[in-house]
Amino acid sequence: MAKNKAHKKQSFFEWCRGYTGQKYIITVLFLLVPLALLITFTFVPAANMFVYSFQSRDQFGINPEWVGFDNYKTVFTDSDYLSTFKNSLYYLFGSFIQLGLALIIAEILCSKIKFKNFYKATVFFPWMMNGVAVALIFRSFFMKGDGITNTDGALNSIITFFGGNAVSWLSDPKIVNFCLVFASIWRYIGFDIVMFIGAIQSINPDIYEAAELDGANAWQRFWYIIFPGIKPVIGLQMILAIKGAMSVFEIPYVITNGQFGTTTFVIKTIETAFGYKKVGLASAMAVVLLIIIIIVTIVQKLLFNEEADNASMKSEKLFKKKKELI
Amino acid sequence: MKTKKIMSFALASLMSAAFFSGCGNTTDNSAETTTASAGDTTTAAETTTAGDTATLDGNGATIKVLTHRTDRLADGGDGSLEEMTKAFEEKYNCKVEYQGFTDYETDVSTMLSTNDYGDVLMIPNTVKLVDLANFFEPLGTYEEMDAKYKWANYKMYDNKVYGVSHGGTASGILYNKKIWSDAGITELPKTPDEFIADLKLIKEKNPDTIPYYTEYADASWTLVQWQSLVVSASGDPNYQNRLLENKEDLFVDGDGYWETYELMFKLFSTPEVLETDHSTTQWEASKAALGEGKIATIVLGSWAISQFQQAAGDNAADVGYMPVPITAKDGKQYAQTSTDYNLGVNKNSKNIELAKAYVTWFADESGFAAKEGMIPPLKNAALPSNLEAFSDCVLFSETVAPDELTGKFNEIDLDSGVGTWNGDSENFKIKLAEAAFAGKGEAEMKKIFEEANAKWAASRDKILADYYASQQ
């Protein structure tokens, strides 16, 4: 910059042709497209949503009325709305199982086994599939046949093959949520596994070597080296799981359409907006969900940073200790 | 013919009001007036008024029609709609372009927020009656339209009619005639108990048939079909207005809502006559299954008849339609008729006159409704053959709500969250069905009714506060 100031007579045109100018122009041009898309399709609608949440309006938005915080009051006082969060508990519970399972699979995939990459691709594949396709697959998977209009799905076929009785998996309010959580785990576990594999592989191999020399067994190796090393990633995945559990949508919407007690907050929001034409109220619900997720994210950031510092310090200390010992 | 004259007069006066745009600006009668120049409005107006043969010349203009009947379009269907439209294109020297939507209501409701939603479209039911004028061109006054068409009051506000029916339906129940008669049932049921007893009889005689198919996987709209039985069950054309005027509860033992949903509850509490897995029913497959006799009965509007007949192929003649098996208080069996979608004209259209001509042609001349087995919109047209079982019933259509109550029923319905026409996951219909499936008894049913009544009453008293005050 100092150089530029020295050449006071440099015109704007020349500046544009110079290195700095070119750098800025290209940066701006490249940013223009994604920013325009981001603003048009994310920020503007989101800003509108905030405005709508203070109005009473239908989906056409003719003569909207300003109602202040009435919509928010309804969301928090009418038990019909917040109560739909209770189904999120199933998914939250499921996500802990999912994380545990993912950790075990990741650990296995990091050990010396054959066809490692094939397995990695296989477990990751469901995550890349379209959510609606996954939902449709599981709908036929859990199907119970009556022999007249439809036949048993895969699960009931296996059960009846071994002499059991077919179960109406998706029509029994007591088990349907577990089935949906199962589908959800199947779909999202691949992402967790890949994240964990990445984290495990980033641990310095010297530490393993040192541990081996010390005669650590597999469990000790996991508990004292791998777990502290990937703790930040576990924290991140856990927060993502909480967010996912709160905003779960596709799987219950396509498989059961929210019936048999599987409705969720997002399904309720859609029904409020497009079934009951209360777009103002639905916007308020969306804002409430957004705020909850922002809070969870902030918590995650705080924990993540802290843990990341702790973890790196710990492993460094550990490493130093081992080195000293050697 | 009086109405036709009035129509053409209205058309002519609109023309002379110099409402011209695009290609629809020439209205000379090519058969008689060869000297009339294209822009000569007076001649055009006079000749149009002159005779019934007067036609509008579209001058090769194109109008776009939005439709939900994708099964009748060349793209994805059998193309019979385009085939039928050739007569219109010839008559008015224009082109008609169809755009089909499989999820019509949602997609077109979104399009309505722009100005570009075709020239002619089925008026989505998401548009409130008070808002009709914001989107659609008035087609005539209620008196004019009512003289000619059935259900003229359906898309009306402030005495102006914005939509003409594209075909009507009667409320009833779809069934397989052969299976029912094979079970030895000679007379169709008139009461809920008879209906359920007949279904049990069918299961007994023919265990390979599902006597009643719930279509529950698509409950968000298939369960809503039960709502179409409500007014028939009440036997009162003024039923829904009466509920508001007399401040009655929605669910009252012995009246429309209660009787209909009690029938549904009792039926769904009888697992032996239903399919085994309610959450994996298949809508498309069920169409053929009913024709084949694998399914005996489904509650659906009469719009479904033609679709099921088509899927049934050789067995099409077995697909029948029966009246609501509920006898009203006066001992008679009633059937309400109502219109499916109504055709309206986009008020932003560049070819408003041509679009209006299309609507008139579609209702009067196309013969679409009769071909589809729907009740034709013209007042003097005969009932389609598939509704023969209704000959013993009293047919009626709902009366118009008085001006001060226009749209109020709907408003209360949505505001209260009762959603008589909704199938959301917490709707009373879903709750009833799931309580019935779980084998909970009638106490649960009454509890659900009471809940809905309470929500309804609270919302009604709020929205109609002024109305009730003015009545005293």
Side-chain angles (χ1 to χ4, degrees), chain A residues 56 58-63 74 78-81 83-84 87 138-153 156 166-174 176 179-180 252-264 267-278 281, chain B residues 105-106 109-110 112-113 124 126-128 130-131 134-135 207-210 213-214 216-221 223-224 274-282 285-286 288-290 292-295 410-411 413-419 421-427 430-431 433-435 437-438 455:
Chain A
S56 162
D58 63 10
Q59 72 252 57
F60 305 123
I62 298 164
N63 308 325
T74 313
D78 193 332
S79 62
D80 281 0
Y81 296 98
S83 70
T84 43
N87 281 339
F138 276 95
R139 216 174 119 172
S140 30
F141 177 74
F142 285 120
M143 186 142 73
K144 183 184 172 189
D146 48 28
I148 301 173
T149 50
N150 59 1
T151 49
D152 275 336
N156 276 327
V167 181
S168 302
W169 296 103
L170 299 177
S171 314
D172 187 340
K174 289 190 202 81
V176 60
C179 297
L180 298 183
Y253 194 68
V254 182
I255 300 184
T256 59
N257 212 340
Q259 290 147 11
F260 297 107
T262 58
T263 193
T264 67
I267 294 179
K268 187 80 185 168
T269 307
I270 287 182
E271 286 170 349
T272 308
F274 301 109
Y276 289 98
K277 299 166 196 173
K278 296 176 183 168
L281 182 57
Chain B
E105 198 79 7
T106 317
S109 299
T110 315
L112 284 179
S113 54
T126 46
V127 181
K128 288 182 198 151
V130 273
D131 296 331
N134 293 321
F135 299 104
D208 289 337
T209 292
I210 300 172
Y213 199 61
T214 60
Y216 198 74
D218 302 298
S220 61
W221 65 271
L223 214 55
V224 175
L274 307 175
E275 76 280 337
T276 44
D277 192 4
H278 310 304
S279 52
T280 51
T281 59
Q282 291 166 65
S286 73
L290 187 113
E292 291 164 17
K294 287 178 179 170
I295 294 171
N410 197 18
E411 198 181 330
D413 188 33
L414 296 179
D415 181 75
S416 63
V418 171
W421 284 102
N422 289 56
D424 56 289
S425 53
E426 310 241 293
N427 195 279
I430 301 279
K431 283 183 187 164
E434 281 166 15
F437 291 150
K455 278 187 186 176

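Naming: A, B, ... by sequence-line order, numbering from 1 per chain.
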Asks: If you count heavy-atom pairs within less than 4.5 Å of chain A, which of B:Ala288, B:Ala219, B:Ala438, B:Ala289 leads?
Replies: B:Ala219
Asks: In terms of heavy-atom proximity below 4.5 Å to chain A, should B:Thr126 be classed as side chain, backbone, both, or neither?
Replies: both
Asks: Work out which heavy atom in A:Gly275 is nearest to a heavy atom in B:Leu414; give both atom names and the distance.
Replies: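 Where A:Gly275 meets B:Leu414 most closely, the heavy atoms are O-CD2, 3.7 Å.
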Asks: Looking at B:Val418, is its backbone amide N or carbonyl O close enough to the side chain of B:Asn427 to form a donor-acceptor pair, meaning the two atoms are under 3.5 Å apart?
Replies: yes
Asks: Please classify the contact between B:Val130 and chain A as side chain, backbone, both or neither, with a heavy-atom cut-off of under 4.5 Å.
Replies: neither
Asks: Would you say A:Ser171's side chain and B:Ser279's backbone share a donor-acceptor pair under 3.5 angstrom?
Replies: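 Yes.
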Asks: Side chain, backbone, both or neither: which part of A:Phe274 has a non-hydrogen atom closer than 4.5 Å to chain B?
Replies: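 No part of A:Phe274 comes within 4.5 Å of chain B.
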Asks: Chain B heavy atoms under 4.5 Å from A:Asp80: which part of the residue, side chain, backbone, both or neither?
Replies: both
Asks: Between the main-chain N or O of B:Ser425 and the side-chain N or O of A:Glu271, is there a donor-acceptor pair closer than 3.5 Å?
Replies: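 Yes, A:Glu271 side chain to B:Ser425 backbone: donor-acceptor pair under 3.5 Å.
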Asks: Classify the ring geometry of B:Tyr216 against B:Phe437: parallel below 30°, tilted from 30° to 60°, perpendicular beyond 60°.
Replies: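 Perpendicular, since the angle between the ring planes exceeds 60°.
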Asks: Heavy-atom distance under 4.5 Å to chain B: side chain of A:Lys278, backbone, both or neither?
Replies: side chain
Asks: Given 3.5 Å as the limit, does a donor-acceptor pair link the side chain of A:Asn156 with the main chain of A:Val167, or not?
Replies: yes
Asks: Under the 3.5 angstrom rule, does the side chain of B:Tyr213 hit a backbone N or O of B:Gln282 as a donor-acceptor pair?
Replies: yes
Asks: Do you know the tightest heavy-atom contact between B:Thr209 and B:Gly293?
Replies: OG1-O, 2.9 Å
Asks: If we ignore hydrogens and angles and just use 3.5 Å, is the side chain of A:Asn87 paired with the main-chain N or O of A:Thr263 as donor and acceptor?
Replies: yes
Asks: Against chain A, label B:Phe135 side chain, backbone, both or neither, depending on which of its atoms sit under 4.5 Å from a heavy atom there.
Replies: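 For B:Phe135, the contact with chain A is made by the side chain alone.
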Asks: What part of B:Ala285 gets closer than 4.5 Å to chain A, counting heavy atoms only: side chain, backbone, both or neither?
Replies: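 B:Ala285 has no heavy atom closer than 4.5 Å to chain A.
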Asks: Can you tell which part of B:Asn134 gets under 4.5 Å to a heavy atom of chain A, answering side chain, backbone, both or neither?
Replies: side chain
Asks: Where on B:Asp424 is there a heavy atom nearer than 4.5 Å to chain A: the side chain, the backbone, both, or neither?
Replies: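 Contact with chain A: backbone and side chain both.
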Asks: If I measure from the heavy atoms of chain A, does B:Ile210 come under 4.5 Å with its side chain, its backbone, both, or neither?
Replies: both
Asks: Relative to chain A, which segment of B:Pro124 carries a heavy atom at a distance below 4.5 Å: side chain, backbone, both, or neither?
Replies: neither
Asks: If you count heavy-atom pairs under 4.5 Å between each of A:Leu281, A:Leu170, A:Val176 and chain B, which one has the most?
Replies: A:Leu170
